[in-house]
Amino acid sequence: EARAIAAAITHTWARSGSDTADLLMSRAATALRLGDHRLALAIYDRIVTLEPGWTDVWMGRANAKMAAGDMDGAVRDFETAVRLEPRRFDAWAAMGAALERGGAPKRALEAYRRALAIDPQQEEWRKAKERLELQTEGRDI
């Protein structure tokens with residue numbers, strides 16, 4: 001039941017209200033899926049100009065930056081997404097992954113904790129949180 005609710009929420013976030021932005025988003029996702037990071041980023045940049053308050057475009061651009069190896073840029077875009085929508089649990093978790101890959105385990109741990117505070121059912125996020133707690137905080141004796 002929790003997965004269905006989370007899916008419904010993310011589906012709602014995926015709608016921009018603009019046919020143009022939605023079409024461009026589809027093209028950017030296709031470019032990213034085909035491995036053309038440069039084209040995907042160029043399209044996401046245009047969508048950000050058209051719809052700067054749409055969290056899904058910030059998520060898409062952040063994921064494209066991650067795929068291109070730009071963890072700092074990805075984190076900045078995830079931060080924008082959660083600033084626009086603080087309950088964006090998938091942005092918190094993705095930010096955690098980018099921070100971890102970028103060598104910031106303490107910040108990654110905090111991001112995973114924020115994601116799990118909103119959606120505690122995600123086993124993968126819980127495992128990442130536990131791994132990072134052990135890495136950054138150690139074990140109790």
Side-chain angles (χ1 to χ4, degrees), residues 1-140:
E1 189 174 316
R3 288 184 199 270
I5 293 169
I9 291 168
T10 55
H11 180 73
T12 300
W13 285 330
R15 290 182 267 169
S16 72
S18 162
D19 291 340
T20 301
D22 291 344
L23 175 63
L24 289 170
M25 192 72 149
S26 173
R27 289 185 177 167
T30 298
L32 185 58
R33 193 173 41 258
L34 295 174
D36 192 342
H37 305 133
R38 190 176 316 186
L39 177 59
L41 285 167
I43 297 169
Y44 284 125
D45 287 344
R46 294 203 190 268
I47 306 168
V48 162
T49 302
L50 292 171
E51 297 289 337
W54 184 25
T55 59
D56 224 46
V57 70
W58 293 100
M59 292 289 295
R61 192 168 84 165
N63 285 318
K65 287 179 179 181
M66 279 183 71
D70 179 8
M71 294 308 140
D72 291 337
V75 169
R76 283 190 301 274
D77 284 354
F78 288 131
E79 287 172 338
T80 299
V82 298
R83 188 174 60 251
L84 291 168
E85 175 48 78
R87 297 167 298 179
R88 185 89 201 219
F89 49 85
D90 56 341
W92 285 112
M95 186 187 325
L99 287 163
E100 188 173 5
R101 287 188 214 165
K106 287 182 181 181
R107 288 184 62 207
L109 174 58
E110 181 56 31
Y112 280 119
R113 285 177 174 158
R114 298 285 299 262
L116 286 164
I118 302 164
D119 185 359
Q121 301 299 318
Q122 298 295 326
E123 183 67 18
E124 183 179 333
W125 303 347
R126 187 189 56 74
K127 287 179 181 178
K129 178 188 80 89
E130 290 172 357
R131 180 182 64 251
L132 289 166
E133 283 174 339
L134 183 60
Q135 179 183 346
T136 63
E137 298 170 355
R139 282 186 207 260
D140 287 340

Which value, rounded to the nearest 0.5 Å, describes the distance between Asp56 atom CG and Ile47 atom CD1?
9.5 Å
Mind listing the closest non-hydrogen atom pair of Leu32 and Ala67 along with its distance?
CD1-CB, 3.9 Å
Please list all pairs meeting salt bridge (charged side-chain N to carboxylate O under 4.0 Å, His left out) that have one or both residues in residues 23-35, counting only residues at least two apart or in different chains.
none
So if I apply the salt bridge (Lys or Arg N to Asp or Glu O under 4.0 Å) rule between Glu100 and each of Lys106, Arg107, Arg131, Lys129, which one comes out positive?
Arg131
Output for pair (Leu116 CG, Phe89 CZ), nearest 0.5 Å, gives 11.5 Å
Under a 4.5 Å cut-off applied to non-hydrogen side-chain atoms, are Trp58 and Val82 in contact?
no
For Met66, the side-chain contact (heavy atoms from CB on, under 4.5 Å) test, sequence neighbours excluded, returns Asn63, Met71, Ala74, Phe78, Ala97, Ala98, Arg101
Could you tell me whether the side chain of Leu24 reaches within less than 4.5 Å of the side chain of Leu50, counting heavy atoms only?
yes
Minimum heavy-atom separation for Ala108 and Gly96, please, with both atom names.
CB-O, 3.3 Å
Give a yes or no on whether the backbone of Pro86 and the side-chain of Trp92 come within a donor-acceptor separation of less than 3.5 Å.
yes
Just by modelled atom types, is the Arg87 backbone N or O under 3.5 Å from a matching donor or acceptor in the Glu85 side chain?
yes
Taking all atoms of both residues into account, what is the closest heavy-atom pair of Ala62 and Asp77, and its distance?
CB-CB, 3.6 Å
With side chains defined as the heavy atoms from C-beta onward, is the minimum distance between Tyr112 and Met95 less than 4.5 Å?
no
Any ion pair linking Arg61 and Glu51 (charged N to carboxylate O, less than 4.0 Å)?
no
For the pair Trp125 (side chain) and Asp90 (backbone), establish whether a donor and an acceptor sit closer than 3.5 Å, ignoring hydrogens and angles.
no
Note, Glu137 side chain near Leu109 side chain (heavy atom, < 4.5 Å):
yes
Do Ile43 and Leu39 have side-chain heavy atoms sitting under 4.5 Å apart?
yes
Is the backbone N or O of Arg76 less than 3.5 Å from a side-chain atom of Thr80, with the two atoms forming a donor-acceptor pair by type?
yes
Apply the test side chain to side chain contact (heavy atoms under 4.5 Å, CB included) to residues Met25 and Trp54: give CA-CA distance (whole Å), side-chain angles for both, the deciding distance (0.1 Å), then the verdict.
CA-CA 11 Å; Met25 192 72 149; Trp54 184 25; 3.9 Å; yes
Check the surroundings of atom CZ in Arg113: do more than 12 heavy atoms from other residues, nucleotides or ligands lie under 6.0 Å from it?
yes
